[in-house]
**Q** 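Handing you this structure, nothing more for now.
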Amino acid sequence: MFDEIFANLQEIQNEMVKMYKMQYEWGWFGKTKEESNLVLRGYVSTNSLTPEGYKKITGEDYEGSTSQS
């Protein structure tokens, strides 16, 4: 049963990545690549997107928050 649940969650994540990637390419997350990446990093920080999904969408490694003190 756990394997089935995990497979379902993985499929949901894959579909979310596809949807976010289309929206990213359409420019829905911001006017610039930096703005868009910031939005997607926020999704990773709230577990709406995995770091691996972030990389699939942006082509860049997820590095967490870029805010400075």
Side-chain angles (χ1 to χ4, degrees):
M1 181 169 176
F2 178 75
D3 291 338
E4 183 179 330
I5 292 170
F6 180 76
N8 288 338
L9 291 173
Q10 188 63 42
E11 182 59 30
I12 291 169
Q13 183 62 214
N14 291 340
E15 292 300 318
M16 294 297 291
V17 168
K18 288 178 191 176
M19 181 184 68
Y20 288 153
K21 185 168 178 64
M22 282 190 300
Q23 292 172 347
Y24 181 82
E25 291 170 353
W26 294 336
W28 287 13
F29 294 121
K31 294 180 183 180
T32 66
K33 181 178 177 179
E34 291 77 18
E35 286 178 0
S36 296
N37 290 358
L38 184 61
V39 170
L40 292 174
R41 284 195 297 272
Y43 289 175
V44 175
S45 71
T46 62
N47 295 316
S48 298
L49 181 65
T50 63
E52 296 81 14
Y54 177 88
K55 182 165 184 156
K56 287 180 184 177
I57 295 166
T58 66
E60 301 174 4
D61 290 329
Y62 173 74
E63 297 179 14
S65 175
T66 58
S67 63
Q68 298 177 358
S69 313

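In this text the structure is predicted, and so the values were computed from the model without any measurement.
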**Q** From Leu40 CG over to Tyr62 OH, what is the distance, rounded to the nearest 0.5 angstrom?
**A**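 The OH atom of Tyr62 is 10.5 Å from CG of Leu40, to the nearest 0.5 Å.
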**Q** Name every donor-acceptor pair, under 3.5 Å, that has one atom in a side chain of residues 7-14 and the other anywhere in the protein, sequence neighbours excluded.
**A**
residue : atom : partner : partner atom : Å
Asn8    : ND2  : Glu4    : O            : 3.4
Gln10   : NE2  : Asn14   : OD1          : 3.4
Gln13   : OE1  : Thr50   : N            : 3.3
Asn14   : ND2  : Gln10   : O            : 3.4

**Q** Is there a path of hydrophobic side-chain contacts, each under 4.5 Å between heavy atoms of I, L, V, M, F, W or Y residues, that connects Trp28 with Tyr20?
**A** no
**Q** Can you sort out the partners of Tyr24 under ring-ring contact (aromatic ring centres under 6.0 Å, His included), two or more places apart, ordered by chain and number?
**A** none
**Q** Please give me the minimum heavy-atom distance between Gly30 and Ser36, naming the atom from each residue.
**A** N-OG, 3.4 Å
**Q** Answer yes if Met22 and Phe29 sit in the same cluster of Ile, Leu, Val, Met, Phe, Trp and Tyr residues linked by side chain heavy atoms under 4.5 Å apart, and no otherwise.
**A** no
**Q** Going hydrophobic residue to hydrophobic residue with side-chain gaps under 4.5 angstrom, can you get from Val39 over to Val17?
**A** yes
**Q** To the nearest 0.5 Å, tell me how far Ile57 CD1 sits from Lys21 NZ.
**A**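 The distance works out to 7.5 Å.
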**Q** For the pair Lys55 and Glu52, evaluate salt bridge (charged side-chain N to carboxylate O under 4.0 Å, His left out) and give the outcome as yes or no after the intermediate values.
**A** CA-CA 5 Å; Lys55 182 165 184 156; Glu52 296 81 14; over 6 Å; no
